Amino acid sequence: MEKSRTLLALILQVLYYCKAVSTSYNTFFYQDIFKGNGNGELHFNGIKLRVETTLPSVFTLRGSNVTLPCRFWYEPPLNSPRSVRVKWSWSPITGDREVDVLVAIGHHQRSFGDFKNRVYLQHDLPGDTALVITNVSMSDTGQYRCEIIDGLEDESVTVDLELRGVVFPYQPQNGRYHLTFPEARQVCEEQDAMVATSDQLYMAWQEGLDWCNAGWLADGTVQYPINLPRYPCGGLGLAPGVRSYGPRHKHLHRYDVFCFSSSLRGRVYYLEHAQKFNFTEAIQACIEDDTQIAKVGHLFAAWKFLGLDRCDAGWLADGSVRYPITTPRLNCGPHKRGVRSFGFPSPYYKYGVYCYSSR
Ligand SMILES: *[C@@H]1O[C@H](CO)[C@@H](O)[C@H](O)[C@H]1NC(C)=O
Ligand SMILES: *[C@@H]1O[C@H](CO)[C@@H](O)[C@H](O)[C@H]1NC(C)=O
Ligand SMILES: *[C@@H]1O[C@H](CO)[C@@H](O)[C@H](O)[C@H]1NC(C)=O
């Protein structure tokens, strides 16, 4: 249904277009009204509109400002500037439909939705229509389209925006394979993270992530990364790789999840204190230190990007107990880098605590 409607829309568009430029088969040519001979006559002058980007994909950090390059020009060059319409739109990585980000004519700009007052055109040079996004959030990732519209002509390029970050498997307190897809999204958000994409999991696998529990990914598929083939993780016969169960039913099937947390501003630290805390005392201890108890995403990001290394188990906001190791050593778990987990101990037990401050 959706497909046939898109097809119909496309046919209508093509018909409309053919009619509009019926004197020329070359759709790159546009009708130049302004440079006509003054008799109201229109003529085609064979000028081409070109649009390009210097970076088809851009990596950035959460909270920073990012510039998505785009520029346009005419071939051959024009003597007088023309008024074009610039439109930036965005398709989220989850494959939802394209939404408007910004529309500009000359120096008038309008931004939309979550991008309102957070984006602007760079306008450094003539033809420069690079998009600046301030305070990038994790949900800004996806494909951006820079479209230049001059009369009948319409050209565009795309730029992918990706975040540097860390992927971590997440299993809630009630154990393995308990999350539907909507619940998976929620638990990642609660850990200051998002459900990871297949690309993010693949990159994490390349960096050595090995996890034998299957988890949801943003596209609704269920996968797990294996570097050391073994039984029962697909068996010894399969080469190392990211194993996939393919798409699963988002409401009926239950798995773990892979969350993605982008590097963060602020700091995560182990609270130095003479005694250990039960879970409620741990939450309170961070508040008394003018911060808050860290979330799992905070700890992973600090481990990966700030090199946090501490051989002391501490409470986190979800009631789990973990510690981050970047330099493996004796009595600090297995001989590899990682965030170690004690699972979800009884809240009466005493441990240290990891706190997070956004400043
Ligand atoms: C991002 O841009 C805004 C407005 O242009 C500016 O106020 C802010 O300092 C910039 N932030 C960073 C991290 O550069
Ligand atoms: C940046 O965005 C986050 C939400 O994504 C918000 O909490 C924060 O206040 C924003 N910071 C600035 C400087 O606008
Ligand atoms: C933690 O200890 C406090 C006393 O310091 C006690 O009131 C509280 O009930 C304890 N909570 C848990 C979950 O053990």
Side-chain angles (χ1 to χ4, degrees), residues 58-70 88 90 92-94 99 101-102 104 107 109-124 128-142 144 161-166 173-174 185-186 188-195 218 259-268 271 273-295 297-298 301 305-306 313-321 342-359:
V58 173
F59 275 84
T60 189
L61 305 177
R62 173 160 52 156
S64 56
N65 296 343
V66 70
T67 303
L68 309 183
C70 180
W88 277 92
W90 167 67
I93 34 182
T94 45
V99 300
V101 172
L102 173 143
H107 282 273
Q109 314 191 347
R110 208 178 137 197
S111 48
F112 303 93
D114 287 345
F115 295 100
K116 207 169 177 86
N117 303 326
R118 210 159 56 83
V119 290
Y120 57 89
L121 292 188
Q122 187 167 261
H123 276 320
D124 273 358
D128 178 9
T129 55
L131 181 75
V132 180
I133 307 175
T134 61
N135 194 17
V136 170
S137 75
M138 283 204 287
S139 52
D140 288 342
T141 52
Y144 288 76
L161 178 64
E162 296 179 56
L163 287 181
R164 291 210 301 128
V166 54
Q173 184 148 20
N174 50 5
R185 277 169 104 142
Q186 193 188 333
C188 286
E189 272 166 34
E190 285 165 3
Q191 302 321 314
D192 195 48
M194 281 178 71
V195 178
C259 302
F260 174 84
S261 175
S262 181
S263 46
L264 74 164
R265 288 165 175 278
R267 70 198 170 100
V268 175
L271 185 66
H273 201 276
Q275 75 239 23
K276 302 270 161 95
F277 314 100
N278 68 28
F279 183 47
T280 38
E281 290 165 341
I283 295 171
Q284 196 54 38
C286 291
I287 294 173
E288 277 163 22
D289 209 37
D290 258 343
T291 59
Q292 64 188 85
I293 187 168
K295 298 176 174 178
H298 293 145
F305 295 105
L306 308 174
W315 289 106
L316 295 174
D318 64 341
S320 64
V321 167
F342 282 27
F344 297 86
S346 155
Y348 300 98
Y349 287 11
K350 303 258 178 175
Y351 291 102
V353 62
Y354 288 93
C355 305
Y356 167 69
S357 157
S358 58
R359 293 181 303 277

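We count ligands from 1, going down the list as the structure has it; atoms in each ligand are counted the same way. For reference, positions follow the sequence shown, starting with 1. This one's a predicted model, so the numbers in the text were calculated from it and none came from an experiment.
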Would you say the side-chain atoms of [X] pair up with the backbone N or O of [Y], donor to acceptor, closer than 3.5 Å?
X	Y	value
Ser111	Val101	no
Arg62	Ser137	no
Thr291	Ser357	no
Asn65	Val136	no
Asp128	Asp124	yes
Trp90	Thr141	yes

Which residue holds the protein heavy atom closest to [atom], what is that atom called, and what is the gap in Å?
atom	value
atom 8 (C) of ligand 1	Asn65 ND2, 3.8 Å
atom 4 (C) of ligand 3	Glu281 OE2, 3.4 Å
atom 6 (C) of ligand 2	Asn135 ND2, 4.1 Å

Considering only heavy atoms of Thr134, which atoms of ligand 1 have at least one such atom less than 4.0 Å away?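 Heavy-atom distances to Thr134 below 4.0 Å select 2 (O).
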
Show which atoms of ligand 1 fall inside a sub-4.0 Å distance from at least one heavy-atom site of Tyr120.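 It comes down to these atoms of ligand 1: 5 (O).
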
[atom] within contact range, any protein heavy atom under 4.0 Å:
atom	value
atom 1 (C) of ligand 2	yes
atom 11 (N) of ligand 2	yes
atom 14 (O) of ligand 3	yes

Between Ser137 and ligand 2, does any nitrogen or oxygen pair lie at a separation below 3.5 Å?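 In this structure, Ser137 places no N or O atom under 3.5 Å from an N or O of ligand 2.
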
Per-atom contacts, ligand 3 versus Thr280 - under 4.0 Å to a heavy atom: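 Near Thr280, meaning under 4.0 Å from one of its heavy atoms, ligand 3 has 1 (C), 8 (C), 10 (C), 11 (N), 12 (C), 13 (C).
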
Tell me the closest heavy-atom pair linking Asp318 and Gln191, and the distance in Å.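 Distance-wise, the nearest heavy atoms are CB-NE2, 3.7 Å.
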
